[in-house]
Amino acid sequence: MAQTPVKVTVTGAAGQIGYALLFRIASGQLLGADVPVKLSLLEIPQAVKAAEGTAMELDDCAFPLLSGIEITDDANKAFDGANVALLVGARPRTAGMERGDLLQANGGIFGPQGKAINDHAADDIRVLVVGNPANTNALIAQQSAPDVPAERFTAMTRLDHNRALSQLAAKLQVPVTEIKKMTIWGNHSATQYPDLFHTEVGGKIAAELVDEAWLRDTFIPTVAKRGAAIIEARGASSAASAANAAIDHVFDWVNGTEWTSAAIPSDGSYGVPEGLISSFPVASRDGKWEIIQGLEIDAFSRERIDASVRELEEERTAVRELGLI
Ligand SMILES: NC(=O)C1=CN([C@@H]2O[C@H](COP(=O)(O)OP(=O)(O)OC[C@H]3O[C@@H](n4cnc5c(N)ncnc54)[C@H](O)[C@@H]3O)[C@@H](O)[C@H]2O)C=CC1
Ligand SMILES: O=C([O-])CC(=O)C(=O)O
C-alpha cells in the first residue's frame with residue numbers, strides 16, 4: 001500500500017444508499033482492488049451519530065484498503081482535499097411540496113456543497129450527484145464551483161442503464177454480458193429515454209429483435225418508472241442498486257470504458273443545449289468522459305430525447321428564476 005489514499009467524500013452517509021455504498025468503497029470496488037481509500041462522511045448534525053455507527057461497522061470489517069474515516073457536518077471539512085465526491089444526501093419530496101419547493105430545498109444543499117468543493121477539493125476532484133433531482137442538483141453544484149472544470153460534475157443515470165440491460169436480457173433470454181451499446185438519454189426521471197436503436201445483442205440491433213409495441217409500451221415505461229415500482233414494492237426507494245450504479249459510474253470514469261450512460265455537461269451534441277447535464281452514450285478515456293459521436297437519431301428517438309431535454313431545460317429555468325444558479 002505505497003500509494004497515497006484517495007479521499008472519497010460521501011454525503012448523506014447515514015442514509016440507506018450510504019449504508020449500501022460505503023462498504024463497497026472501502027473494499028476497493030469504487031476505484032480498484034489495489035487503491036487505498038480514505039472516507040469522509042458528511043451528514044446533517046442530527047444524523048452524525050448514525051454515521052458514527054456506520055463508521056464503527058466499517059472499522060469492524062478491517063478492510064485492508066481503508067486508511068481512515070472522518071465524519072463531519074461541515075462541508076468545508078468534508079470536501080477538504082477530496083478526490084471523489086459522491087453527493088447522495090438530498091431533500092426528498094414530501095407531501096404537499098411543489099416542484100419549486102423541492103428545487104429550492106435542494107439548492108440550499110447543492111449550492112453550498114458546490115462552493116465547498118470549489119474552495120477545498122483536490123485539483124483532480126470528480127463529482128457524481130446521486131441525490132434527486134440528480135441532473136439539476138449537479139448543475140447547481142457545478143455553477144457554484146466556477147474554479148473546477150465543468151466536466152467534473154456528473155449525475156447518475158447508470159442505474160437506469162443497468163435496469164435497461166436487465167429488462168432487455170430477460171426479454172431476449174440472454175446474459176447481460178451479450179448486450180452492448182445500451183444508451184439512456186436525458187433526465188434521470190420518468191421522461192428519460194432508454195434507446196435500443198443503437199444497442200447490439202450478438203451483433204444485431206436490439207430494436208430489431210423485439211416488437212415495436214413491447215419497446216414502446218413495455219420496455220421504455222418499465223425502465224423509466226422502475227424507481228417508482230421499487231418504492232411501491234419495497235416501501236423505500238432503491239438503495240443497493242443505486243449504490244451499485246454509483247460504484248459502476250465512478251469505476252468506469254477512472255478506469256475507462258468503451259460505452260455506457262452518464263449524465264454529463266452537454267457540449268451541444270445531438271441537439272442537447274450546451275451546459276445542460278444530460279444523459280448521453282459515453283466512453284471514458286484517460287479519466288475523462290466523452291460523448292460518443294456520429295449516431296443516427298431517427299424520428300422515434302428524436303421525439304423522446306427532445307421531451308426529456310425539454311424537462312431539463314425547464315428545471316434549469318426554474319433554478320435560474322429561484323436565483324440558485
Ligand atoms: N440517481 C439515481 O439513480 C437515484 C437517486 N436516488 C436519490 O438518492 C438520494 C438519497 O437516497 P437515500 O439514501 O435512499 O435517502 P435517505 O433519506 O435514506 O438518506 C439521505 C441522507 O442524506 C442526509 N442529508 C440530507 N441533507 C444533507 C446535507 N445537506 N448534507 C449531508 N447529508 C444530508 C440525510 O440525513 C440522510 O441520512 C435521494 O434523493 C434519492 O431520491 C435514489 C435512487 C436512485
Ligand atoms: O425514484 C426515486 O425516488 C429513486 C430513484 O431515483 C430511482 O430509483 O431511480
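We count residues from 1, following the sequence as given. Remember, it's 1-based here, ligands and their atoms both numbered in the order they're listed.
Of the candidates Met156, Arg226, Arg163, Lys225, it is Arg163 that places a heavy atom closest to atom 9 (O) of ligand 2. Between atom 24 (N) of ligand 1 and the options Glu43, Gln16, Gln113, the minimum heavy-atom separation is to Glu43. Evaluated by nearest non-hydrogen atom to atom 25 (C) of ligand 1, the leading choice among Ala90, Gly227, Ala105 is Ala90.
Between the side chains of Trp259 and Thr183, a donor-acceptor pair is found at a separation under 3.5 Å. For the 3.5 Å distance criterion, the side chains of Ser269 and Gln293 qualify, holding a donor opposite an acceptor.
Distances below 4.0 Å separate heavy atoms of Leu159 from the following atoms of ligand 1: 3 (O), 44 (C). Listed by atom number, the atoms of ligand 1 under 4.0 Å from Ala14 heavy atoms are 37 (O). Residue-ligand proximity, Ala242 to ligand 1, at heavy-atom distances under 4.0 Å covers atoms 43 (C), 44 (C). Using a 4.0 Å cut-off to heavy atoms of Ser238, the atoms of ligand 1 that qualify are 43 (C). Those atoms of ligand 1 that come under 4.0 Å of a heavy atom in Ser237, given as number and element, are 14 (O). Per-residue contacts place Ser238 under 4.0 angstrom from the following atoms of ligand 2 (heavy atoms of the residue considered): 8 (O).
Taking atom 21 (C) of ligand 1 as the reference point, the nearest protein heavy-atom neighbour is Gly12 CA, 3.6 Å. Looking only at protein heavy atoms, the nearest one to atom 10 (C) of ligand 1 is Val88 O, 3.3 Å. Looking only at heavy atoms of the protein, atom 19 (O) of ligand 1 is closest to Gly15 CA, 3.2 Å. For atom 28 (C) of ligand 1, the closest heavy atom belonging to the protein is Ile44 CG2, 3.7 Å. From the protein, the heavy atom lying nearest to atom 6 (O) of ligand 2 is His188 NE2, 2.6 Å. Remark: minimum distance from atom 3 (O) of ligand 2 to any protein heavy atom is reached at Ile231 CD1, 3.8 Å. Considering only non-hydrogen protein atoms, atom 40 (C) of ligand 1 sits nearest to Asn132 ND2, 3.7 Å.
Using a 4.0 Å cut-off between a side-chain N of Lys or Arg and a carboxylate O of Asp or Glu, Glu43 and Lys49 do not qualify as a salt bridge. A salt bridge between Asp195 and Arg304 is absent, with no side-chain N of the basic residue lying under 4.0 Å from a carboxylate O of the acidic one. Note on Lys180 versus Glu200: no salt bridge recorded, every NZ/NE/NH1/NH2 to OD/OE distance being 4.0 Å or above. At a threshold of 4.0 Å, the pair Arg285-Glu290 counts as salt-bridged, since one of the basic side-chain nitrogens sits closer than that to a carboxylate oxygen. Under 4.0 Å is where a charged nitrogen must lie from a carboxylate oxygen, and between Arg302 and Asp298 no such pair does.
Judged by distance alone, the side chain of Thr9 and the main-chain N or O of Ala82 form no donor-acceptor pair under 3.5 Å. Between the side chain of Asn255 and the main chain of Phe251, a donor-acceptor pair closer than 3.5 Å is present.
Remark: of the listed residues Leu42, Leu86, Leu87, Leu86 is the sole one forming a side chain to side chain contact (heavy atoms under 4.5 Å, CB included) with Val10. With Ser238 as the partner, the side-chain hydrogen bond (donor to acceptor under 3.5 Å, both in side chains) test is satisfied by one option alone out of Arg226, Arg163, Gln16: Arg163.
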Given the rule in the side chain to side chain donor-acceptor pair (under 3.5 Å) test, do Arg24 and Asn244 qualify, once you have shown the distances and angles that lead to the verdict? CA-CA 9 Å; Arg24 295 191 59 187; Asn244 178 68; 3.0 Å; yes
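Around atom CG of Asp123, no more than 12 heavy atoms belonging to other residues, nucleotides or ligands sit under 6.0 Å away.
Ring geometry for His249 against Trp289 counts as perpendicular: the plane angle is over 60°, on a 0 to 90° scale with 30° as the lower cut.
The shortest N/O to N/O separation between Ile17 and ligand 1 falls below 3.5 Å. Inclusion of Asp160 in the set of residues having an N or O under 3.5 Å from an N or O of ligand 1 is not warranted.
Within 4.0 Å of atom 3 (O) of ligand 1, at least one protein heavy atom is present.
The side chain of His188, and not its backbone, has at least one atom closer than 4.0 Å to an atom of ligand 1 (non-hydrogen atoms only; side chain from C-beta on). By the criterion of a heavy-atom distance under 4.0 Å, neither the backbone nor the side chain of Ala236 is placed next to ligand 1. Residue contacts with ligand 1 for Val130 involve both N, CA, C or O and side-chain atoms from C-beta outward (heavy atoms, distance under 4.0 Å). The part of Ile109 lying near ligand 1 is the side chain, judged by heavy-atom distances below 4.0 Å.
For the atom pair NZ (Lys171) and CZ (Phe219), the distance works out to 11.5 Å, reported to the nearest 0.5 Å.
Heavy-atom distances between Ala239 and ligand 1 stay at or above 4.0 Å for every pair. Taking a 4.0 Å cut-off on heavy atoms, Asn132 registers as neighbouring ligand 2.
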